[in-house]
Amino acid sequence: MTGLCYAYYAKCVQHANYKERAKNVVRNNLSLFFEDGKASCAYLYPNKVDGKPAKFYDPFSNDQDFALVFYKMVMKIVR
């Protein structure tokens with residue numbers, strides 16, 4: 001949503017810096033997708049969760065489709 005707000009702001013005031021910020025935000029979200037086609041919207045940062053090693057992408061968090069939707073919306077606005 002931040003990228004979308006930046007895109008609309010850039011469009012309203014013709015500010016190139018915010019156009020680039022919008023693009024960078026939505027492009028960064030594409031890192032949630034892996035080369036094998038899988039994806040995750042959550043990364044577990046703690047060293048351990050319930051005594052088990054963490055620091056991995058959560059395989060059960062699969063609602064990352066937002067990244068593609070916002071990417072398309074932002075790129076349509078900033079073109």
Side-chain angles (χ1 to χ4, degrees):
M1 291 185 75
T2 300
L4 189 60
C5 291
Y6 285 166
Y8 278 122
Y9 181 76
K11 184 177 180 177
C12 289
V13 299
Q14 298 299 312
H15 199 291
N17 187 337
Y18 276 88
K19 184 185 277 191
E20 284 303 309
R21 287 183 187 193
K23 289 180 188 179
N24 289 338
V25 168
V26 293
R27 286 179 183 151
N28 185 53
N29 288 334
L30 297 179
S31 66
L32 299 170
F33 295 87
F34 310 117
E35 291 180 10
D36 63 0
K38 295 179 183 177
S40 179
C41 70
Y43 186 82
L44 302 176
Y45 283 101
N47 288 327
K48 291 186 179 184
V49 174
D50 294 332
K52 298 178 184 175
K55 293 191 176 182
F56 61 89
Y57 286 96
D58 187 350
F60 298 108
S61 296
N62 59 2
D63 60 344
Q64 70 286 346
D65 295 340
F66 78 91
L68 297 176
V69 172
F70 280 98
Y71 180 84
K72 286 185 74 171
M73 291 171 68
V74 166
M75 296 311 280
K76 186 176 181 179
I77 294 167
V78 297
R79 284 189 186 153

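If you're wondering where the values come from, they're calculated on a predicted model, not measured in any experiment. Computed over heavy atoms, backbone and side chain alike; hydrogens, waters and symmetry mates excluded.
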I need the [X] [atom1] to [Y] [atom2] distance, nearest 0.5 Å.
| X | Y | atom1 | atom2 | value |
| --- | --- | --- | --- | --- |
| F70 | N29 | CZ | CG | 9.5 Å |
| C41 | Y57 | SG | OH | 11.5 Å |
| F33 | S40 | CZ | OG | 10.0 Å |
| L32 | L68 | CG | CG | 9.5 Å |
| Y6 | I77 | OH | CD1 | 14.5 Å |
| Y9 | Q14 | OH | CD | 11.5 Å |

When you group the ILVMFWY residues by side-chain heavy-atom contacts below 4.5 Å and let the links chain together, are [Y] and [X] in the same group?
| X | Y | value |
| --- | --- | --- |
| L30 | F34 | no |
| V26 | M1 | yes |
| V25 | L4 | no |
| Y43 | V49 | no |

[X] side chain to [Y] backbone, donor-acceptor under 3.5 Å:
| X | Y | result |
| --- | --- | --- |
| N24 | E20 | yes |
| K55 | Y45 | no |
| D50 | K52 | no |

Looking only at heavy atoms, which two atoms of [X] and [Y] are closest? And how far apart?
| X | Y | value |
| --- | --- | --- |
| K19 | A10 | N-CB, 3.5 Å |
| A7 | A22 | N-CB, 3.6 Å |
| P46 | A54 | O-CB, 2.8 Å |

Evaluation steps, side-chain contact (heavy atoms from CB on, under 4.5 Å), between V78 and K23: CA-CA 8 Å; V78 297; K23 289 180 188 179; 3.8 Å; yes

